[in-house]
Amino acid sequence: MNILNILALAFLLLSVVMLQPQLLIEAFNPVTTNLPIMVFSFVLLNEIKQGKL
């Protein structure tokens with residue numbers, strides 16, 4: 001499920017880059033909202049893989 005989350009967020013970010021790049025310089029842009037959630041998903045996948053969760 002986390003992998004699907006990462007892929008969906010990456011797709012949404014790329015969609016914004018392609019369709020409305022002017023949104024990338026505004027406050028609370030897709031980079032500042034999607035990127036931290038993607039990083040958190042990678043951390044969560046790593047923790048699950050190591051058996052800590």
Side-chain angles (χ1 to χ4, degrees):
M1 190 60 132
N2 284 326
I3 294 172
L4 182 61
N5 183 36
I6 293 167
L7 292 175
L9 286 170
F11 173 74
L12 289 172
L13 184 58
L14 288 174
S15 297
V16 170
V17 169
M18 300 292 272
L19 298 175
Q20 292 186 328
Q22 71 273 12
L23 292 177
L24 298 175
I25 59 171
E26 295 180 4
F28 300 106
N29 60 51
V31 175
T32 61
T33 56
N34 289 5
L35 202 57
I37 297 171
M38 289 171 65
V39 171
F40 178 68
S41 294
F42 278 118
V43 169
L44 187 58
L45 280 173
N46 189 28
E47 294 291 320
I48 291 170
K49 189 169 89 172
Q50 291 180 359
K52 293 182 180 179
L53 290 179

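Between the Asn29 side chain and the Glu26 main chain, a donor and an acceptor come within less than 3.5 Å of each other.
The hydrophobic cluster containing Leu45, built from Ile/Leu/Val/Met/Phe/Trp/Tyr side-chain heavy atoms closer than 4.5 Å, also comprises Ile3, Ile6, Leu7, Leu9, Ile37, Met38, Phe42.
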Could you give the side-chain donor-acceptor pairs of residues 11-22 under 3.5 Å, partners two or more places apart or in another chain?
from  : atom 1 : to    : atom 2 : distance (Å)
Ser15 : OG     : Phe11 : O      : 2.8

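At a cut-off of 3.5 Å, with distance as the only test, a side-chain donor of Ser41 or Asn5 sits close to an acceptor on the other residue.
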